[in-house]
Amino acid sequence: MTAPRSTGPTRLAVVGGGPTCTYVLERLAALTSRPDGRTELEVVVYDLSGEFGSGQVHSPRQSRTSYLNRIVGQVAFGADESVVDAGPLLPTEDRPTLLEWCRERFAATGDGTYDLVAEDWPKRYLHGEALQDSFRRYVDLLRAAPGVTLDLRAAEVVDLEERGERLAVLTADGAEPYTADLVLLLTGHSSNDPALSPRTAEWSAFAAGHGSTLIPSAYPLERSLDVPGTGPGHTVGCLGMGLTGIDVILYLTEGRGGTFERGEDDRLVYRPSGREPDAVVPFSRNGLFTFARPYNQKERDIASLEYRGAFLTVPAVGELRRTVGRPNVVGGREQLQLDFEAHLFPLIVLEMALIQYSTLYGAEFRAAAVEAARPGYEKFLADAGVFAGPRAAAGALTAPLDELAAATAAAVDRVLTGADALDDAPAGPGGVPVAPAVRSFLAVVFGAETAGRMLCSAGDPAGFAAAVAAGTSPYRHSVRAAEHVFSWEATIDPVPRGGYRTAAEYREALLDFLDRDIRWAAQGNLDNPAKAAADAAWRDLRGVVIEAVDFGGLRAGSHRTFLEVWTGHHNRLCQGASREAMEKVRALVEAGFVDVSLGPDTSVECDAGSGRFRLSGAVTGADRLVDALVDARVHGFDAARDVLPIYPNLLRRGLVRKWANPGLDEPDFVPGGLDLTPEFHPYRADGRVERRITVLGPPSEGVMYHQIGALRPHKDHHVLRDILCWTNAFLPRPAEPGGRTERTDA
């Protein structure tokens with residue numbers, strides 16, 4: 001279907017008034033303010049919570065315990081000079097970033113809440129305040145534009161009905177429907193109806209019949225968690241140990257009046273209020289919390305410090321498609337499909353190994369390592385199918401780096417133990433000079449200041465060796481270079497299942513990892529080898545993975561595995577919680593209010609005898625009865641199972657359909673998201689394109705990957721490009737000159 005042509009104003013309905021809607025209004029305000037002509041627009045924005053600008057998730061009225069998963073300096077609310085072909089920009093005073101907004105608020109109020117710097121982690125409610133303030137600013141600008149009207153309606157949209165060339169927007173309150181030329185769906189994260197999943201349906205029926213509590217979705221925390229079974233004298237099970245699980249834990253403890261204090265050793269100590277549950281028992285498939293996000297050292301110069309891949313690149317994905325891609329027809333277009341584990345995973349591991357070793361030993365090592373790995377890399381691109389499997393391919397690709405690192409480590413250790421003098425040490429294999437490698441290694445292990453003091457005694461090999469041996473790494477790094485070996489297995493599974501015999505031993509092993517991980521996060525995403533590797537390969541180079549996955553880029557079975565397994569690895573490695581949040585989690589574990597004894601592979605059973613849910617750790621042998629069970633996972637979008645009625649209704653009407661990745665000698669994969677064009681228009685049930693509707697965000701997950709995120713300053717962000725794709729359909733405008741930056745979607 002084609003968008004209608006109208007002689008009157010273009011009638012726009014925007015469903016969802018959260019953060020993306022704020023970005024939409026910013027672009028509309030800028031595009032309608034240009035002096036080259038009058039724009040006739042009629043805009044109606046719907047939001048079921050009435051929290052215009054923030055939406056419910058980022059509401060400024062929410063608990064003060066939840067952190068935003070982005071530092072202050074990485075949040076913007078509109079386009080800047082970096083956005084390619086953005087069109088006219090608003091004056092800088094009308095588009096402050098979150099950092100600028102906080103500084104303005106602090107100057108105006110003196111309230112220390114707003115006294116933040118770029119590297120700080122803000123609370124989510126504060127982000128909501130800024131979003132709502134920005135939203136009001138853009139609303140005022142739009143309402144002042146000639147020919148533009150804007151109406152805000154606090155109502156839930158439940159359906160769209162075709163009425164001639166237009167679509168009627170039906171709401172739950174039964175109000176007179178608004179008929180729109182174009183509808184933009186920005187419904188954000190939702191959850192799935194527990195009654196439509198056999199597992200959660202069983203839990204729900206059990207809870208209803210036995211007086212226990214099932215909380216099928218954690219948000220909003222204030223509504224879902226203040227229920228029977230979550231207070232003193234009760235135990236709460238928490239399915240999920242990622243960001244949502246951490247939100248749940250902090251709400252049930254700190255949110256109930258508990259406090260954290262710094263002890264003499266600078267570690268946080270929890271002081272209970274008496275209003276928290278006796279214990280929160282978190283569990284997940286792997287038994288691990290998400291890893292702590294590192295201090296963002298790249299923030300001081302994003303353009304030069306964000307990582308550019310040597311091996312994991314878009315051209316490499318294209319070459320793999322050419323050499324080993326399997327042809328398939330996806331959405332009417334031919335696609336050469338890849339296998340994520342066989343074709344992308346080895347390149348990710350190779351890139352991570354390069355980053356980790358280069359962080360340890362410096363730029364000269366990196367140059368030599370790239371050359372050493374190139375023959376095997378080119379062989380892999382030419383025929384990835386010759387390898388016995390993904391692990392074999394990854395091992396073959398990283399072997400030259402491991403060998404070069406081992407030889408460099410041996411030379412570094414000879415200097416550190418006094419066997420060789422620093423300045424007289426010969427160049428190692430591959431021409432890697434030893435002295436710079438020693439300096440780089442010491443800076444990583446001890447920090448630049450301490451390393452500098454040690455190096456002052458380098459002219460005396462014995463004295464230098466003694467100084468190094470007496471040193472203590474604040475980051476718990478080994479002083480022996482030979483012990484620094486990259487391992488994918490150790491990276492993703494830092495508490496190995498065979499490393500403990502009892503639940504108590506598992507608890508101690510997890511606490512030990514949390515301590516080390518928090519220290520590594522404090523070191524930063526440039527100076528800590530492991531954090532640098534994860535942040536660069538899984539965050540800075542995420543656009544390469546998106547290139548590989550979108551629009552059926554992976555085979556059906558591989559796509560399923562990618563979403564079910566590898567997305568979890570991605571989230572744990574580079575989408576983790578702030579260091580401050582993880583320090584609080586550690587303090588709660590130490591205080592006994594968070595019980596981590598279940599470990600990996602925990603099962604949930606309905607215990608009729610006790611009337612409670614029984615959680616059993618398959619590996620640790622721990623067994624816990626809980627009064628309330630919270631599903632603290634982010635639900636994957638499924639149009640047919642969504643708790644919001646709009647998507648099941650649109651499916652029923654045939655205005656949209658679910659996307660499917662057709663299998664080749666295997667079942668099709670239907671992840672749940674909508675079948676969309678590259679312009680985000682849905683395919684109707686009969687295969688026609690419904691150009692009157694545009695869908696951005698989670699409903700596009702499946703056919704596309706990683707389609708939600710906060711805007712970033714000085715970044716040509718994909719969310720803004722997607723919004724411009726929508727506005728270009730009804731607001732054609734000449735491209736205006738502006739800054740251009742490399743397109744990355746971190």
Side-chain angles (χ1 to χ4, degrees), residues 68-84 86 89 92 95-103 115-122 292-310 312-314 351-352 354-367 370 436 439-440 443-444 447-449 451-452 475 520-544 573-576 578-579 709-721 738-746:
L68 185 68
N69 190 31
R70 184 76 69 85
I71 61 172
V72 173
Q74 289 191 341
V75 180
F77 305 114
D80 60 25
E81 290 76 6
S82 69
V83 181
V84 175
L89 299 177
T92 54
R95 49 180 170 95
T97 64
L98 179 57
L99 176 61
E100 291 165 345
W101 182 87
C102 287
R103 301 315 302 170
D115 187 15
L116 302 177
V117 298
E119 295 80 10
D120 285 334
W121 293 85
R293 284 274 285 275
Y295 174 74
N296 194 339
Q297 298 172 290
K298 300 173 186 178
E299 185 63 24
R300 64 179 184 261
D301 188 355
I302 294 172
S304 64
L305 294 176
E306 286 202 337
Y307 188 76
R308 291 167 176 79
L312 181 62
T313 66
V314 170
E351 200 76 57
M352 290 183 73
L354 174 67
I355 299 163
Q356 182 160 321
Y357 287 137
S358 300
T359 304
L360 272 173
Y361 300 125
E364 292 90 345
F365 178 92
R366 176 183 172 86
V370 169
R439 294 188 179 96
S440 179
V444 166
E449 186 176 342
Y475 312 111
W520 286 5
Q523 191 173 13
N525 60 359
L526 292 175
D527 290 347
N528 182 273
K531 294 296 185 182
D535 189 73
W538 289 90
R539 189 170 183 82
D540 293 352
L541 300 182
R542 187 162 52 204
V544 180
L573 286 167
C574 77
Q575 293 282 82
S578 68
R579 178 166 58 94
L711 289 192
R712 289 181 58 180
H714 319 301
K715 202 74 173 174
D716 185 25
H717 198 278
H718 75 88
V719 171
L720 264 179
R721 296 200 303 272
R740 300 176 72 92
T741 62
E742 180 178 345
R743 294 190 178 205
T744 56
D745 295 330

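These figures come from a predicted structure and were not determined experimentally.
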Would you give the length of the straight line joining atom [atom1] of [X] to atom [atom2] of [Y], rounded to the nearest 0.5 angstrom?
X	Y	atom1	atom2	result
Glu306	Glu299	CD	CD	8.5 Å
Lys531	Leu573	NZ	CG	8.5 Å
Asn296	Gln74	CG	CD	5.0 Å
Tyr295	Asn528	OH	CG	14.5 Å
Ser578	Glu119	OG	CD	14.0 Å
Cys574	Asn525	SG	CG	11.5 Å

Side-chain contact test, heavy atoms from C-beta onward, threshold under 4.5 Å: evaluate it for [X] versus [Y] and give yes or no.
X	Y	value
Phe77	Leu98	yes
Met352	Ile355	no
Arg293	Asn69	yes
Ile302	Arg712	yes
Arg366	Leu354	yes
Tyr307	Arg539	no
Arg300	Leu526	yes
Arg95	Asp80	yes

### Query
Relative to the ring of Tyr357, is the ring of Tyr361 parallel (under 30°), tilted (30 to 60°) or perpendicular (over 60°)?
parallel

### Task
Please say which of Val72, Asp115, Ile71, Leu99 ends up in a side chain to side chain contact (heavy atoms under 4.5 Å, CB included) with Asp120.
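The single option meeting the side chain to side chain contact (heavy atoms under 4.5 Å, CB included) with Asp120 is Val72.
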
### Message
Could you walk me through whether Glu81 and Leu89 satisfy the side-chain contact (heavy atoms from CB on, under 4.5 Å) test, starting with their C-alpha distance in whole Å, then the side-chain angles of each, then the deciding distance to 0.1 Å, before giving a yes or no?
### Response
CA-CA 8 Å; Glu81 290 76 6; Leu89 299 177; 3.8 Å; yes

Exercise: identify the closest heavy-atom pair between [X] and [Y]:
X	Y	value
Ala521	Ala292	CB-CB, 3.8 Å
Leu720	Ala79	CD1-CA, 3.5 Å
Ser440	Gly362	OG-N, 3.4 Å
Leu541	Glu351	CD1-CG, 3.9 Å
Val75	Thr97	O-CB, 3.6 Å
Asp535	Lys298	OD2-NZ, 2.7 Å

### Message
Tell me whether Gln523 contacts the main-chain N or O of Tyr475 through its side chain, where contact means a donor paired with an acceptor under 3.5 Å.
### Response
no

